[in-house]
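Below: one structure, written as structure tokens.
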Amino acid sequence: MSEEKSLHFLEEIIEDDLKAGKYQSILTRFPPEPNGYLHIGHAKSICLNFGLGIKYGGKTNLRFDDTNPVTEETEYVESIKDDIRWLGFEWANEFYASDYFSNLYEYALVLIKKGLAYVDDLTSEEIAHLKGTPTEPGKDSPYRNRSVEENLTLFTAMKEGKYKDGEKVLRAKINMAHVNMLMRDPIIYRIKHAHHHRTGDAWCIYPMYDFAHGQSDSIEHITHSICTLEFVPHRELYDWCIENLEIFPSHQYEFARLNMTYTVMSKRKLLQLVNENFVSGWDDPRMPTLSGFRRKGYTPGSIRNFCDKIGVAKRENMIDISLLEFCLREELNASALRVMAVLEPVKLIIDNYEAGKTEIMISENGPDESMGTREVPFSKELWIEKEDFMEVPVKKWFRLAPGAMVRLKSAYIVKCESFDKDAAGHITAIHCTYLPESRSGADTSGIHVKGTIHWVSAAHAVNAEVRLYDRLFKSENPAAEEGDFKEHINPDSLHIITDAKLEPSLTTATPDHRYQFLRKGYFCVDKDSTADKPVFNRTVTLKDTWVKEAKRY
RNA sequence: UGGGUUAUGGUGUAACGGUAGCACUACAGAUUUUGAUUCUGUCUGUCUUGGUUCGAAUCCAGGUAACCCAACCA
């Protein structure tokens, strides 16, 4: 208990600030743009911002950065709030950048009056052309030296809708030769005659990100404004605005965003997958969205734990998705209810077992005794997995094969006597005899078998659809591959089994429980599930050292 | 070719001038009525070249590499 976890750089900054008395308490914020669903990369930011608030006794605001009405929708606002709550965090205040449109407009006026902003009539192409390149300085716009009065008149007219989209913009007057491209008279207001999801048609001019984000932070008195690395060059402009507006000095700090193997993490790409029907929607279980992970059966705790384990730093990273799966299995192993389900069924007939007889077997619900036990019916005809029988066994095979014995989990030891094949050579039934004295919990047979397999009584089985998901991409880093990232989609990312056989206890399965289908993986009830047709999603497989071993033969 | 940011095992992340540690992965073994879990063990690392120092992953100088910046997106 004595070992102390070292602090990451943001925690160090905060502790220094607190110690120096710079702030009495901290205030962070999570600032999504409502133009898409949240993904696992956002989870890192959410856990960081809210986690810091909790750790240092501060607060965290949720603020929607909704300054671009053409891409933003209320549907996204709702999904984002659902996802944050699901992850387990509560925001101190729900704010919107659009709440501050009036303040922001006043700030623009302040800049104009100080001679630090001007209205430009150039087209977007002309502005881009005069901007220069990273190696060549830009050139001044011919409209750069308009008088304060003229700028005031023009900007007011912009606000009043006297101009069409793109006809004029308001620019900060900084330095067209600045080495930082963002400081070369950045556009801070543009005209968009578009309906805003919250302000409706009240405005036809909207502030750009750089003229909204820092000021919004300042208005809320955010102490530590944490964002990702690509915003590093924006910090200079962020500080410039705050300084020249003479408002509360929030400070921006940047960390490296999360990248994960076998997936993509940009909203633009995820939107493509949805729009072009590569997946069924934002919450398709193959998506790296929080709603996708939720539907697939991931727990919020496992994601929080993952975000804690990956750390926070400033270097580019590519996290192995197996770490996320490790966190998931760690939690599910301790909490999931154990049940038996046969995914690829083949009939097993116990020749020396009385026809029509049913025995009730007692099986434990989990590794922890406190999870209790349940009753599982057993009879002469059972379903077992096709893959648990080998006509010609390989080395180290300790499942069923002609003449071989296995334990039927929580029931008897059986010995394979023969099997039936159809004309096509498929095995249609496996005949066994059982050892009556080997009953689970009362075994006097003295026989120890190496293999134990799961089963479901055919007469009592419940049919179900089971959806098996695999990674969406074949490539570790599809975004970095040549060509379109969609060329690297895994064609076998979804395998649907329509006639899985479940033990009858699963008829009462609920969406809020996680189940371990013994030896097969963790599963949950899908939202498509009905009483007539149960549907289960595979959350993740169990680790399987046998598949690797089997490949050697 | 300008500016900014970053370099520690296969992947993440610590070590704040004093034994390069932890986790994941991989591999080997033990236990196991889940080939799961659990337990034990093994492999692999300070970008490079100099310098300062009794001592450098850490400080200094020069290289090299990766990522970001020329949207009326955020």
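Picking from B:A15, B:U34, B:U5 the nucleotide with the shortest atom distance to the side chain of A:L229 gives B:U5. Here the side chain of A:W546 is nearest to one of B:G35, B:G2, B:A14, namely B:G35. When each of B:C16, B:G35, B:U13 is scored by its nearest atom to the side-chain atoms of A:A313, the top-ranked nucleotide is B:U13. When the nucleotides B:U33, B:U5, B:U13 are ranked by their closest atom to the side chain of A:K409, B:U33 comes out on top. When distances are taken from the side chain of A:T135 to each of B:G2, B:U37, B:A14, the shortest belongs to B:G2. Closest to the A:R399 side chain, of the nucleotides B:U5, B:G35, B:A36, is B:G35.
Annotation: B:A7 and B:U13 have their C1' atoms spaced 14 Å apart (nearest Å). Nucleotides B:C73 and B:G2 place their P atoms 30 Å apart, quoted to the nearest Å. One P atom belongs to B:G4, the other to B:G45, and the distance between them is 34 Å to the nearest Å. Look at the P atom in both B:U49 and B:A56: the space between them is 15 Å, to the nearest Å. Rounded to whole Å, the C1' atom of B:U44 lies 16 Å from the corresponding atom of B:C22. Distance noted for atom C1' between B:U31 and B:A36: 13 Å (whole Å). Here, B:C59 and B:C67 have their P atoms 25 Å apart, quoted to the whole Å. Rounded to the nearest Å, the gap between the C1' atom of B:U8 and that of B:A66 is 16 Å.
B:U5 atom P lies 13 Å from atom CD of A:Q252, rounded to whole Å. Between A:M318 atom CE and B:G12 atom C1' the separation is 12 Å, expressed in whole Å. Whole-Å rounding puts the A:R257 CZ to B:U6 P distance at 17 Å. Note: CE (A:M340) to C1' (B:A36) measures 15 Å, nearest angstrom. Summarising the geometry, the separation between CG on A:L10 and P on B:U13 is reported as 13 Å, rounded to the nearest angstrom. Taking atom CG of A:N259 as the reference point, atom P of B:A66 lies 17 Å away to the nearest angstrom. In this structure, A:L324 atom CG and B:U11 atom C1' are separated by 14 Å, rounded to whole Å. The interatomic distance linking A:D388 (CG) with B:U33 (P) rounds to 17 Å, in whole Å.
With a 4.5 Å cut-off on side-chain heavy atoms, A:F473 and A:R471 do not count as touching. Under the 4.5 Å side-chain criterion, counting only non-hydrogen atoms from C-beta, A:E331 is not in contact with A:N305. Looking at A:V119 and A:V169, their side chains never come closer than 4.5 Å, going by heavy atoms from C-beta outward.
Nucleic acid contact for A:Q516: base, since at least one base atom lies under 4.0 Å from a heavy atom of the residue. Counting any heavy atom pair closer than 4.0 Å across all strands shown, A:L518 reaches a base atom. As judged by a 4.0 angstrom heavy-atom cut-off over every strand, A:G451 is placed among residues making no nucleic acid contact. Among the protein residues, A:Y206 comes within range of no part of the nucleic acid, since none of its heavy atoms lies under 4.0 Å from any strand. Using a 4.0 Å heavy-atom criterion, one finds that A:I319 contacts the sugar-phosphate atoms exclusively.
Under a 4.0 Å N-O distance rule, the pair A:K139/A:D185 does not qualify as a salt bridge. Ionic pairing of A:R146 and A:D120 is not present here: no N-O contact between side-chain nitrogen and carboxylate oxygen is shorter than 4.0 angstrom. Using a 4.0 Å cut-off between charged side-chain N and carboxylate O, A:E359 and A:R439 make a salt bridge. Between A:D165 and A:K192 there is no salt bridge, since none of the side-chain N atoms of the basic residue sits less than 4.0 Å from a carboxylate O of the acidic one. A salt bridge does not link A:E364 with A:R338: none of the charged nitrogens is closer than 4.0 Å to a carboxylate oxygen. One finds a salt bridge joining A:E503 and A:R374 here, because a Lys/Arg side-chain nitrogen approaches an Asp/Glu carboxylate oxygen to under 4.0 Å.
B:U11 and B:A23 make up a base pair, with Watson-Crick or G-U wobble contacts both under 3.5 Å. Across all strands shown, the partner of B:G29 is B:C39, judged by Watson-Crick or G-U wobble contacts whose two distances both fall under 3.5 Å. Here B:A66 sits opposite B:U5 as a Watson-Crick or G-U wobble pair (both hydrogen-bonding atom distances under 3.5 Å).
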Nucleotides 69-74 of chain B: protein proximity per nucleotide (B base, S sugar-phosphate only, - neither; heavy atom, under 4.0 Å) | SB-BSB

Contact pattern, 5' to 3', of nucleotides 20-32 of chain B - B, S or - by protein heavy atom under 4.0 Å | ---SSSSSS----

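Using a 4.0 Å cut-off on heavy atoms, none of the residues of residues 364-375 of chain A approach RNA chain B.
A:H213 and A:R29 are linked by a side-chain donor-acceptor pair at a separation below 3.5 angstrom, with hydrogens and angles left out of the test.
Contact of A:E316 with B:U5 (side chain to base): no donor-acceptor pair of N or O atoms is detected under 3.5 Å. Contact annotation: side chain of A:S440 to base of B:U33, donor-acceptor pair present below 3.5 Å.
Annotation: cation-pi geometry not satisfied between A:K267 and A:Y37 (NZ/CZ under 6.0 angstrom from ring centroid, within 45° of ring axis). A cation-pi arrangement is not found for A:R63 relative to A:F30, the charged atom failing to lie both closer than 6.0 Å to the ring centre and inside a 45° cone about the ring normal.
Two residues, A:F517 and A:G311, neighbour RNA chain B, and the one matched to the more 5' nucleotide by heavy-atom proximity is A:G311.
Regarding contacts with the backbone of B:A14, a side-chain N or O of A:R315 is found under 4.0 angstrom from either OP1 or OP2.
In this structure, A:S363 contributes its side chain and A:S410 its backbone to no donor-acceptor pair below 3.5 Å.
Here the two rings, on A:Y253 and A:F9, have centers that are 6.0 Å apart or farther. Not less than 6.0 angstrom separates the ring centroid of A:H197 from the ring centroid of A:Y76.
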